[in-house]
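Below, each value reflects all heavy atoms present in this structure, side chains not excepted, and no hydrogens, waters or symmetry copies.
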Amino acid sequence: MSVNVEVSEVLLGIADLLELKSERFKPEAYRRAARSILGAGEDLRTLRQNDLLGAIPGVGEAIRRKIEEYLDSGKVEYYERLKQEIPPGVLALMRIPGVGPKTASRFYRELGIDSPAALLDAIGHDRLSGVAGFGPRKIQNLRRDLEKASGTVARRLPLRTAWAIAQGVVRAIVAAALVDQVEIAGSLRRRRESVGDIDILATSGSPGAAIETFAKLPGVRQIVVKGETKCTVILDPGIQVDLRVVPPESFGAALQYFTGSKDHNVRLRTWARERGLKINEYGVLRGEVRVAGATEEEVYRALDLPWIPPEIRENQGELDGAALGRVPSLVNLSDLRGELHQHLLGSDGELSEMAAGATRQGLQYVGVVLPGPHEGTDWTRRVRRLRSEWPAKGGPAAPRLLVGYEAPLGEIEAMRELPPGVDYLVGLPGDGTPRPPAPAPTERVPFFPWFLGHLRFATDPSEPIGERASPWIEWGRNVGVALEVTPDGPMDGLDSGSIRRAVDAGTSLVLSAGSKAVGDFADLELSIGLARRGWTHADRILNAAPDPASGRPTNAR
DNA sequence: GCCGTTTTCGGCCCGACTGTTTTCAGTCG
Ligand SMILES: Nc1nc2c(ncn2[C@H]2C[C@H](O)[C@@H](COP(=O)(O)OP(=O)(O)OP(=O)(O)O)O2)c(=O)[nH]1
Ligand SMILES: [Mg+2]
Ligand SMILES: [Mg+2]
């Protein structure tokens, strides 16, 4: 587990314990610091070396000291002391839906209940009925959730999985024809590598009917909450989906609210308040008068801010930049000229499908990557056939074919010339490869265009990707090789923190579609999103260039 | 505990939904 995750968990634990002690403001301060550390995208040890721990938003003197204590000793004394005061099972009570610090501490203090199992037992023995504030509905809901939740852990979903499910839900909502505008919001719109739930915003002339329809969608296992403007359901695989419905004139304000992040929202709302304005999901208000709300641009403009791309709304400096009129210019889907990591499956007509898919996506070239061996007549035949069967005669719009050769990194590194018919190389470091080879002396490095592909720095989601990616990023810059970004996450390819470090270091990137079907380039949108989260400009991206295989070094030195 | 587009001290975002209440606390987004 990365040290950032470990420290975040300690801080969240402190927050829970303080909240059980009815402490005000401190719990939120610890939670904000924890979120900020996760979103920082830089290893805490590195930040500490550069004396930058205090630069993390929400980390001040006291939390900085606790982080240092953890880095030095693996423990935080304050946390250990707090834990002595409250049994661990009481914290587990707070994970039950609808049970917060107030309820959990009442269970413990008034009824001696110190774990979810003890709660279920108490309900079984009817010890809750008659206790003030616990009516039959609450008891019934608790029983249901306790029986259901035993053994299950709340898990976050990989971006790509959530994206596919969300598309399906959106299609179903649109098909029901009760909504006008629909947009995916929340962490999915911000393209976080993993998301806790799926958030969807809609406008509708008949919000009540829209919500009823949503709650009855096929695959809905449980309706968690359902009201006039919002509905939360659990889908069959145990995935939570939040739908929020607002009137059209509030769409922009609601999208801004529902996209988050929470810390971005809170900061924005605080700025508004300081200017005598109020921001909520219905608009920006001066007194009773709404001065903005239909579009996000309006909302930000009401605070004299430029629109901020969703992918960087993490309160990690984007607001301070925007206040100075500075918003980074990020790579767009339309900047991509091609895709460099397609494989052949051997199916009939796959090349025309691939070319057609590329054309639909507006791509000018497609790189088909062949595995070895690259010698002998067999290889020559494969390449010749590929080139001759590529539908080049499809008119001026037809994408060009590039041919790549992929092999284990050691083989690629040792190559002194490109195999016959090949335009570029793809080096495969292998799963979990901890360190790159020593950089070759400059004069021995031929300037072939190439990149590192199929990156898998972790073989388990708990492993620290960012930490393992760092030496490769540096190596990539020094050797002049790009690193691949795929939409798969969070274990494959680069995470956005690593991407941001790569951008800062001057390492180039290749954005791939991770195609699961021939000619399917749609998930390039997710790779773009990850690159945007890493504050990437188009000039850092190899396949945003008109001719990525021109033979130039892939990086400016 | 953190922080500064009038504060280095005094504030700390704002609203929906539920269950229980006879007017709102708690939880969640
Ligand atoms: N103003 C404000 N907005 C919030 C708050 N909590 C959540 N939001 C907004 C911003 C979030 O991005 C959005 C959706 O909430 P979620 O809990 O689903 O969070 P998010 O999607 O960002 O992350 P997730 O991956 O779901 O954990 O609602 C809050 O306390 N205040
Ligand atoms: Mg969410
Ligand atoms: Mg949500």
Nearest-angstrom distance from the residue atom CG of D242(A) to C1' of dC17(B)
12 Å
Determine: side-chain N/O of T270(A) to OP1/OP2 of dC12(B), distance under 4.0 Å, yes or no.
no
Has K278(A) got a side-chain N or O lying under 4.0 Å from the OP1 or OP2 atom of dG15(B)?
yes
Rounded to whole angstroms, how far apart are CZ on R35(A) and P on dC13(B)?
11 Å
Gap between atoms CZ and C1', on R32(A) and dC2(B) respectively (whole Å):
6 Å
Does a side-chain N or O from Q240(A) land closer than 4.0 Å to OP1 or OP2 of dC28(B), or not?
no
Test for a donor-acceptor pair under 3.5 Å between the base of dG29(B) and the side chain of Y257(A), counting only N and O atoms.
yes
Indicate yes or no for a side-chain donor-acceptor contact from R191(A) to the backbone of R532(A) under 3.5 Å, with no hydrogens or angles considered.
no
Distance in angstrom units between E274(A) CD and dG11(B) C1', rounded:
10 Å
Using a cut-off of less than 4.0 Å, is there contact between a side-chain N or O of R269(A) and OP1 or OP2 of dC14(B)?
no
Whole-angstrom distance between dC3(B) and dT8(B), as gauged at atom P
16 Å
Using the P atom in both, what is the distance from dA16(B) to dG11(B), to the nearest Å?
26 Å
Side-chain donor/acceptor of D16(A) to backbone N/O of G13(A), under 3.5 Å
no
Considering only atom C1', compute the distance from dC12(B) to dC17(B) and round it to an integer number of Å.
24 Å
Taking dG29(B), dT20(B), dT18(B) as options, the one with an atom nearest any side-chain atom of V225(A) is dT18(B)
Determine the interatomic distance between P on dT6(B) and the same-named atom on dC2(B); round to the nearest Å.
23 Å
K26(A) NZ to dC2(B) C1', in whole Å, measures 11 Å
Go ahead and name the base partner of dT8(B); Watson-Crick or wobble counts if both distances stay under 3.5 Å, otherwise write none.
none
Taking NZ from K138(A) and C1' from dC28(B), how many angstroms apart are they, rounded to a whole number?
14 Å
Is the aromatic ring centre of W271(A) closer than 5.5 Å to the centre of the six-membered base ring of dT5(B), with the two planes inclined by less than 30°?
no
R137(A) atom CZ: more than 12 heavy-atom contacts under 6.0 Å
no
Between dG15(B) and dG10(B), how far apart are the two C1' atoms, rounded to whole Å?
25 Å
Just how far, in rounded Å, is C1' of dT27(B) from CD of E19(A)?
10 Å
Find out whether the Lys NZ or Arg CZ of K83(A) is both under 6.0 angstrom from the six-membered ring centre of Y79(A) and within 45° of the ring's axis.
yes
Could you measure between the two P atoms, the one in dT27(B) and the one in dT20(B), and give it in whole Å?
14 Å
Over how many whole Å does the gap from N280(A) atom CG to dG15(B) atom C1' extend?
7 Å
In whole Å, measure the gap between the C1' atoms of dT22(B) and dG4(B) for me.
44 Å
Examine distances only and state if a side-chain atom of Q316(A) and a backbone atom of S36(A) form a donor-acceptor pair shorter than 3.5 Å.
yes
